[in-house]
Every structure is written in structure tokens, then in C-alpha cells.
Amino acid sequence: QVQLVESGGGLVQAGGSLRLSCAASGRSIGIHVMGWYRQAPGKQREFVASHFSGATNYADSVKGRFTISRDNAKNTVYLQMNSLKSEDTAVYYCNFKNYPIAWGQGTQVTVSS
């Protein structure tokens, strides 16, 4: 069974930082494009960032503030979030970008202004 478990969220003040982790089991992330996504209250889930073989892609809203990375040996993807804004408040999820599985529970990020 393939699973993704997100962690690292929390409550942080505007301007602060958080590092999210996404641990995969049942499938190796090494050959896959991995993505981070988020869903704010009352809004649709949206793309945040993706990573494959050193190539990264970011939503315009997070460029220059967020950094996606991975550790294939640990089968884990990370999202370093700096200079957080209140509009970054959302539940954050990871998934295999091109071969997605059922969404996990995500991790809540709340940014207070």
C-alpha cells in the first residue's frame, strides 16, 4: 500500500519559517516528480512546488520564499517555507505529481498576522 504522510506544520507568526516533511512508503520517490500542494479554507487545492532530479518549479505566490527538496535515501520530500504570510495558511499535502495517489491527511499551517 502506497502512503504519504505529511508533518511539520504548526502555528507561526508572519515572517516566520516552517519545514514540512512528506514521508513515502510503498513506492520509491526516486523516479517520480514529487509535488507539494495546499488547500485553504473555502478554496480549491492548489499547486505549490514540484521537484525532480534537481529541477524545481514553484507557484508564483511562493517563489523566492519556499524551497522544495528531497532525500531519496529517506524516501522523503521537504518544503522549507520562509517569510510566511497569512495567505499561506492552509493544509499542505504532498503527492506524486504525475501518478497521484489518494490524498493523505496533510499538515496544517497557520500563519498569524
Quiz prompt | Inter- and intrachain pairs under disulfide bond (SG atoms under 2.5 Å apart), touching residues 48-78, at least two apart | solution = none
Quiz item: Are Leu84 and Leu79 grouped together when hydrophobic residues (ILVMFWY) are joined by side-chain heavy atoms under 4.5 angstrom apart?
Solution: yes
Quiz item: Nearest heavy-atom pair of Lys97 and Ser50: which atoms, and what distance?
Solution: CD-CB, 3.8 Å
Only pairs under 3.5 Å count here: list side-chain donor-acceptor contacts from residues 7-34, not counting sequence neighbours, and write none if there are none.
from	atom 1	to	atom 2	distance (Å)
Ser17	OG	Asn82	OD1	2.9
Arg27	NH1	Tyr99	O	3.0
Ser28	OG	Gly30	N	3.2

Quiz item: Do you know the tightest heavy-atom contact between Cys94 and Glu6?
Solution: N-OE2, 3.1 Å
Quiz item: Which pairs with one or both residues in residues 46-88 pass disulfide bond (SG atoms under 2.5 Å apart), sequence neighbours excluded?
Solution: none
Self-check item: side chain to side chain donor-acceptor pair (under 3.5 Å) contacts in which one or both residues fall within residues 100-113, not counting sequence neighbours
Solution: Gln108-Thr110
Exercise. With the side chain counted from C-beta on, respond yes when Leu4 and Phe96 share a heavy-atom pair under 4.5 Å apart, and no when they do not.
Key: yes
Quiz item: Donor-acceptor pair, Asn95 side chain versus Ile101 backbone, under 3.5 Å?
Solution: yes
Quiz item: Between Val109 and Tyr78, is there a shared hydrophobic cluster once you connect ILVMFWY residues whose side-chain heavy atoms come closer than 4.5 Å?
Solution: no
Quiz item: Can you list every pair that meets salt bridge (Lys or Arg N to Asp or Glu O under 4.0 Å) and has a residue in residues 67-79, with sequence neighbours left out?
Solution: none
Identify all side-chain donor-acceptor contacts of residues 53-66 below 3.5 Å with residues at least two apart in sequence or on another chain.
from	atom 1	to	atom 2	distance (Å)
Tyr58	OH	Ile68	N	3.0
Asp60	OD1	Lys63	NZ	3.2
Ser61	OG	Arg38	NH2	3.4
Arg65	NH1	Ser83	O	3.0
Arg65	NH1	Asp88	OD2	2.7
Arg65	NH2	Ser61	O	2.8
Arg65	NH2	Asp88	OD1	3.0
Arg65	NH2	Asp88	OD2	3.4

